[in-house]
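The block underneath contains the structure these notes are about, expressed in structure tokens.
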Amino acid sequence: MKTVLITGANKGIGFETAKQLAQLNHYVYLGSRDKENGLEAVRQLKAMGISNVETIVIDVADINSVREAMAELEAKIDSLDILINNAGIAGDQPQSLATGSVENLRRIFDTNFFGAVQTTQEFLPLLKKSGQGAIINVSSEVGSLTVHTATERNPNRAKYHAYGSSKTALNAFTVMLANELSDTRISVNSVTPGYTATDLNQFQGAKTVEEGAIPIVKLATQAQPHVTAKFFKDGGEVGW
């Protein structure tokens, strides 16, 4: 049984990922900014007959909260096998980088990028104690520079330029950290669930949360130290 921490796991794709991994006999810690929301998520899973779960309070944008979560988890377990940096916000619209609010951009980056970085840094000592650790950064195809520079462009992507930029930065973090950890047994990869219907996009996505969690769960269950610095989607890889 592997131990897993998923940030932003009290709802949406994070919750569904927690459910699927727990059903595969992993022990899952559901990270939640709000304790009651986390406890409610655990209650829902236990009502489904899933008992190998518990919640942990963590606000990835607050370094003190991250450190408190690390201390709490370190008191419970000897090592962490998988960290899934799932917590994220879409930010306010419009998101023009030419004229949009810099404050909005900062808020997005605080959670989507800096939040993932400082969470990873704090939990890295526990991951290094695992025989085979994995860091999975939940990204998005709107963070792919390859997608944005394609000949046929989707005008709808313009709605998420600030959000997309934070995911581009997250992808860069994935590659750079993977290189730093190349002499360890820790893999570092990005994964996109695809355009999934959650409150992040006012439930406009084409995929269900069950479908969106599939590539994340697959990456978590098939993680290997030599498969690192890659960007996955359901069915293959995404160009950086």
Crowded around Asp78 CG? As in, over 12 foreign heavy atoms under 6.0 Å? no
State yes or no: do Ile13 and Ile56 share one hydrophobic cluster built from I, L, V, M, F, W and Y residues joined by side-chain heavy-atom distances below 4.5 Å, directly or via other members? no
Go through Leu30 and Leu45 one step at a time and tell me if the side-chain contact (heavy atoms from CB on, under 4.5 Å) criterion holds. CA-CA 11 Å; Leu30 284 75; Leu45 292 173; 3.8 Å; yes
Within the supplied structure, the quantity of interest is the number of heavy atoms (other residues, nucleotides, ligands) at a distance under 6.0 Å from Lys2 NZ; does it exceed 12? yes
I need the full list of side-chain hydrogen bond (donor to acceptor under 3.5 Å, both in side chains) pairs touching residues 21-37, with sequence neighbours left out, sorted by first then second residue. Asn10-Ser32, Tyr27-Glu54
Any side-chain to backbone donor/acceptor pair from His148 onto Val142? Under 3.5 Å, distance only. yes
Between Met48 and Val53, is there shared hydrophobic-cluster membership here, with clusters defined by ILVMFWY side-chain heavy atoms closer than 4.5 Å? yes
Distance col, row Asn52:CG vs Thr3:OG1, nearest 0.5 angstrom, shows 12.0 Å
With side-chain contact (heavy atoms from CB on, under 4.5 Å) as the test, would you mind laying out the steps for Glu211 and Asp234 before giving the verdict? CA-CA 9 Å; Glu211 293 168 333; Asp234 193 13; 6.0 Å; no
Any donor and acceptor pair, going by atom type alone, linking the side chain of Ser144 with main-chain N or O of Gly239 inside 3.5 Å? yes
Would you call the rings of Phe173 and Phe113 parallel, tilted or perpendicular, where under 30° means parallel and over 60° means perpendicular? perpendicular
Restricting to non-hydrogen atoms, name the atom on Thr119 and the atom on Gly115 that form the minimum distance, rounded to 0.1 Å. OG1-O, 2.7 Å
Would you say the side chains of Glu122 and Gln118 form a donor-acceptor pair under 3.5 Å? no
Between Phe15 and Ile84, is there a shared hydrophobic cluster once you connect ILVMFWY residues whose side-chain heavy atoms come closer than 4.5 Å? yes
Under 3.5 Å, is there a donor on one side chain and an acceptor on the other for Asn112 and Ser166? yes
Are Leu83 and Val117 linked, directly or through other ILVMFWY residues, by side chains that come within less than 4.5 angstrom of each other? yes
Taking a hydrophobic cluster as the set of Ile, Leu, Val, Met, Phe, Trp and Tyr residues connected by side-chain heavy atoms closer than 4.5 Å, whether directly or through intermediates, do Val66 and Ile108 fall within one such cluster? no
Cut-off 3.5 Å, no hydrogens considered: what does the side-chain donor-acceptor table look like for residues 181-193, sequence neighbours left out?
unit_1, atom_1, unit_2, atom_2, d
Ser182, OG, Asn179, O, 3.0
Thr184, OG1, Leu181, O, 2.7
Thr184, OG1, Ile186, N, 3.1
Arg185, NE, Gly131, O, 2.8
Arg185, NH2, Gln132, OE1, 3.2
Asn189, OD1, Ala229, N, 3.2
Asn189, OD1, Lys230, N, 2.9
Asn189, ND2, Val227, O, 3.0
Ser190, OG, Asn171, OD1, 3.0
Ser190, OG, Thr174, OG1, 2.8
Thr192, OG1, Gly194, N, 3.1

Given Ile135 and Leu124, is the side-chain contact (heavy atoms from CB on, under 4.5 Å) satisfied, shown in steps? CA-CA 9 Å; Ile135 298 166; Leu124 196 53; 4.1 Å; yes
Keeping Lys167 on the side-chain end and Val138 on the backbone end, is there a donor-acceptor pair under 3.5 Å? yes
Counting only N and O atoms by type, is there a donor-acceptor contact under 3.5 Å from the side chain of Glu16 to the main-chain atoms of Gly212? no
Kindly indicate whether the side chain of Leu21, heavy atoms from C-beta on, has any atom under 4.5 Å from the side chain of Ile6. yes
